[in-house]
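Residue numbers start from 1 in every chain, and the chains themselves are labelled A, B, ... in the order their sequence lines are given, proteins ahead of strands.
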Number of protein chains: 4
Amino acid sequence: MPRPPGHGPGFEVRRQKIIDIAASLFAQQGYAATSINDLGRAVGLAKGALYYYIGSKENLLVEIQARVMGPLLSRARQIADLDTDPLLRLRLLSESLLTIIFRRLDHIWVYEHDYRSLSGAELKTLLGQRSDFEQVISGLLAEAVDQGTFRAMPPRLATLQFLNLHNHTYQWVRTDGQWDAAFLSREYCATLFRGFGAPDHALPKLEEQAEAFKRDRPELPLDPEAGWNSLPATEQPAGPGSGSE
Amino acid sequence: MPRPPGHGPGFEVRRQKIIDIAASLFAQQGYAATSINDLGRAVGLAKGALYYYIGSKENLLVEIQARVMGPLLSRARQIADLDTDPLLRLRLLSESLLTIIFRRLDHIWVYEHDYRSLSGAELKTLLGQRSDFEQVISGLLAEAVDQGTFRAMPPRLATLQFLNLHNHTYQWVRTDGQWDAAFLSREYCATLFRGFGAPDHALPKLEEQAEAFKRDRPELPLDPEAGWNSLPATEQPAGPGSGSE
Amino acid sequence: MPRPPGHGPGFEVRRQKIIDIAASLFAQQGYAATSINDLGRAVGLAKGALYYYIGSKENLLVEIQARVMGPLLSRARQIADLDTDPLLRLRLLSESLLTIIFRRLDHIWVYEHDYRSLSGAELKTLLGQRSDFEQVISGLLAEAVDQGTFRAMPPRLATLQFLNLHNHTYQWVRTDGQWDAAFLSREYCATLFRGFGAPDHALPKLEEQAEAFKRDRPELPLDPEAGWNSLPATEQPAGPGSGSE
Amino acid sequence: MPRPPGHGPGFEVRRQKIIDIAASLFAQQGYAATSINDLGRAVGLAKGALYYYIGSKENLLVEIQARVMGPLLSRARQIADLDTDPLLRLRLLSESLLTIIFRRLDHIWVYEHDYRSLSGAELKTLLGQRSDFEQVISGLLAEAVDQGTFRAMPPRLATLQFLNLHNHTYQWVRTDGQWDAAFLSREYCATLFRGFGAPDHALPKLEEQAEAFKRDRPELPLDPEAGWNSLPATEQPAGPGSGSE
DNA sequence: AATGAATGAGACTTCATTCAT
DNA sequence: GATGAATGAAGTCTCATTCAT
């Protein structure tokens, strides 16, 4: 969206380069911790000139997030509209999502960490896009349930598991590592589709055991904070019968 | 650990209350966007009195994260040391982790979003604790692979899937909803354990199909950004000779 | 000056001890850089109790300076009133002054460095005392000039040389060293009295030489800043006749 | 040394002007008591613009002291390296030192009073320069002793007397008065060189008298604080048996 | 006599943004 | 197109002082 009417031919090119660098800095140091001065130094431009290109700092955030969500949503819809098995479409969509995570890791960091720095209108747009993307996935999962490939389960729960598994990847992924988007997609889908699909006899005793544990071992509660205050201390109050006698 | 030499009996109580409120504000607005003035207003105390309790803003971050990681790591180690099936221990650990996510949702938000605001020494402590927790999980997963319950897979990959699925939960979970930690743990473990365990025949054709798709449909690449510049624009020349003919 | 009417017997004792400690802290860190908290910690008293004794921070400064100037001025007058040679009285006064510098080095540091932190009324008192002390010395020096022991010189100039030599001592003196007040007094007076007394033929050529130097070596001015900007650089502008030809 | 990469031509000029004004304010009110707001008001610039020039408040201190010590040390070394009588060189160095005291009285005040506000690294630099300057003087004085012009005396003691006499001058000197650096230098050197040089017979009886006084008049001790507690108070019991009997 | 708790002014500093040139 | 200079709000933190208990 070129703002002032009338710009030289290099304007948009340079503008995109500045957003690239901004995304990189924001990802490394955080949006709040990156000053316009930092950006200027990295770009090699004084502050005044920077504003000629960027409009405002918040606007950089908007652009960075548009870069991620625009193509992703567009491609997701194309894939969802294909005329094939929902599992295949989920698998393709998974790889598509992971591809952008690998390629635009900087942007994803910013997207995930600093979206709350957006003001009302922009935030609303962003949340709408997120919701749209979720619905594409929900639809495909529902198809798979409907056709019996997946066992019945709350549809939102399946969606959230799909998203958890994929979206948290940016936290640890390395673009210079041995894994790529195709590999991770294969693995994630293998886990999810088997996990969603297998009939209910696979892990029969596990839940029984868990119930038994919780019943029989009250002194070891699963709540990590239960009795936390007294854990490190040893001042067991010397109940009856203890001590010398 | 009372800092100045003398403190009245109410000091620690009030201090904990202030940390509670800080966690809530940080979770809502972000650490950087929450000023000490905001906190003072929320607590009902002037700035000076606030510093009497908190020491520094960064110290609040340290305390919030210690509240999460201390109990969690302690309990995780207790569970890992139990003399039972690794799957059961993973299941219990999963519920333990989800329990603290449900109970301390504020803290988890801060923990996940603002840990980079910590300075060197404190950050190192935190990353060490994170790594310790990961290793507890890795150990249990390795046990399950060794005893043949899970199929062979890169051990770090299994760990990361476990963590992705659980750790991203804070992004959407609602403490007032219908789901609780025990339910989510049941579902997550069902997905993961079936996904990790099923023999390799379950999804035979899927990867073949995916390969075929990528080969046969080059005009619909999985990379969301491929050809992105020309997509939203309308100047698709749609010249002669394009498309199948 | 006991302030509130009615104080226990230990009040004044403790008060003096607090002023001792305050002088020590002020001397080490400076008045502005020493907080009431620091003082409380050093004294072993909470802030509230401290104020019961000290009244205010500035009041400590007043007390510290009164401790120095009160005894000194009193003793100086006693010595000046003795019925002996002015040189002996100057010598005794010198030792008296150096004695308090050695014994109350802390106080002297504060006295010399932080008197400008005093507000109007207190500052006026202090400056009056300083002026009184100077006049005692001026009087003795005038006596010595009048009786011909010293050569004629501007009386204020002699006074200031006496004060310079003594008053700057606190900057480097060590109370644990080999020199004491009596030794320094002997040396200072030896220098001053010989310097003031010797007839004017002792250094005949020195001033001639100095005049000659200033006249003949204009390229090495005594003003340290003359030509300072061009000193480190070498960009001598290549005047006429220099260079190749 | 321009800090940020680019600066206009007026930058350094204005920067120097700001340091001038800062030195003036610091000298009048003290470094700690002068706020950046005060400086901004005096300069006619808002706080933000001020920081554009100064970097930090402490940096002003560094610059002020560099302005004094840089030229002074440089010139002192040039003078010490001259091929003339050490007395002449001391005389020239004395005038050089007094010249900068007269010209940069503001800076000298700051230099003498607030050097302890410097942080570790900067403080070390400063103390090193002070020590270098002292050594130049010590060397010249040692030369004069070696060639027999001065009587034998502890070398450090001679140096400290030289420095005391000169360095304390800033406390009372008036740049609008009748005395100038050349005059004071003449007088100081007359005092010091005669005082250092005169043979040991000049003041024979003085020390004998002083000894006698201390022995014979114990009720008038030179220590100003001896018996101080009872002096100003009126509760002198003056009981029987006190005093000589 | 003493304490812990509270206050509010003010300190230094950073930063997004604007504008004349 | 680009720059250096300027602004003013806001941020974190310190500190002398007061007061109920």
Side-chain angles (χ1 to χ4, degrees), chain A residues 4 6-8 10-11 14 32-40 44-60, chain B residues 2 4-11 14-15 32-40 43-59, chain C residues 4 6-8 10-11 14 32-40 44-60, chain D residues 2 4-11 14-15 32-40 43-59:
Chain A
H7 272 311
F11 178 84
R14 188 149 204 185
T34 303
S35 75
I36 291 289
N37 250 344
D38 292 340
L39 181 56
L45 227 40
K47 270 187 291 192
L50 219 52
Y51 270 84
Y52 175 70
Y53 290 102
I54 67 174
S56 78
K57 194 184 176 191
E58 189 181 353
N59 189 49
L60 287 170
Chain B
H7 275 311
F11 179 85
R14 185 144 204 188
R15 186 163 171 274
T34 303
S35 79
I36 290 289
N37 263 340
D38 292 342
L39 180 56
V43 171
L45 227 38
K47 263 183 301 186
L50 219 53
Y51 272 88
Y52 176 68
Y53 289 102
I54 66 175
S56 76
K57 193 185 176 190
E58 188 181 354
N59 189 49
Chain C
H7 272 311
F11 178 84
R14 189 147 204 185
T34 303
S35 77
I36 291 289
N37 251 345
D38 292 340
L39 180 56
L45 227 41
K47 269 187 294 193
L50 219 52
Y51 270 85
Y52 175 70
Y53 290 104
I54 67 174
S56 78
K57 194 187 177 188
E58 189 181 353
N59 189 49
L60 287 171
Chain D
H7 274 310
F11 179 84
R14 184 146 206 185
R15 188 163 171 273
T34 303
S35 81
I36 290 290
N37 262 339
D38 292 342
L39 181 56
V43 172
L45 227 38
K47 264 183 299 190
L50 219 51
Y51 271 87
Y52 175 67
Y53 290 101
I54 67 174
S56 76
K57 191 186 178 190
E58 189 182 352
N59 189 49

Starting at OH of Y52(A) and ending at C1' of dT21(E), how long is that distance when rounded to a whole Å?
16 Å
Calculate the interatomic distance between D38(B) atom CG and dG11(F) atom C1'; express it in whole Å.
11 Å
For DNA chain F, which ranges pair as stems of 3 or more consecutive Watson-Crick or G-U pairs, with both donor-acceptor distances under 3.5 Å?
E:2-21 with F:2-21
Is the phosphate of dA2(F) approached by Y53(A) (side-chain N or O, under 4.0 Å from OP1 or OP2)?
yes
Between C1' on dT13(E) and OH on Y51(D), what's the gap in Å once rounded to a whole number?
5 Å
Please state whether the phosphate of dA5(E), meaning OP1 or OP2, lies under 4.0 angstrom from any side-chain nitrogen or oxygen of H7(B).
yes
Whole-Å distance separating the CG atom of L39(C) from the P atom of dT17(F):
12 Å
Phosphate-side-chain proximity, R15(B) and dA5(E), N/O vs OP1/OP2 below 4.0 Å
no
In whole Å, what is the span from the NZ atom of K57(A) to the C1' atom of dT14(E)?
11 Å
From CG of N37(D) across to P of dA9(E) the rounded distance in Å is 15 Å
What nucleotide, of dA11(E), dT12(F), dA16(F), holds the atom closest to the side chain of S35(D)?
dA11(E)
Could you check how far CD of E58(D) sits from P of dC12(E), rounded to whole Å?
12 Å
Rounded to the nearest angstrom, tell me the gap between atom CD1 in I36(A) and atom P in dA9(F).
20 Å
When rounded to the nearest 0.5 angstrom, what distance separates OH in Y53(C) from CG in N59(C)?
15.0 Å
Which residues, if any, of residues 43-50 of chain B bring a heavy atom under 4.0 Å of DNA chain E?
L45(B), A46(B), K47(B), G48(B), A49(B)
For N37(C), the side chain to side chain contact (heavy atoms under 4.5 Å, CB included) test, sequence neighbours excluded, returns S35(C), R41(C), K47(C)
Work out which heavy atom in L45(A) is nearest to a heavy atom in R14(A); give both atom names and the distance.
CD1-NH2, 3.4 Å
Identify, between R14(C) and P9(B), the residue whose nearest nucleotide on DNA chain E lies closer to the 5' end.
R14(C)
Where I36(A) and L50(A) come nearest, the two heavy atoms and their spacing
O-CD2, 3.7 Å
Using heavy atoms to find the nearest nucleotide of DNA chain F for T34(C) and G10(A) separately, return the residue whose nucleotide is more 5′.
G10(A)
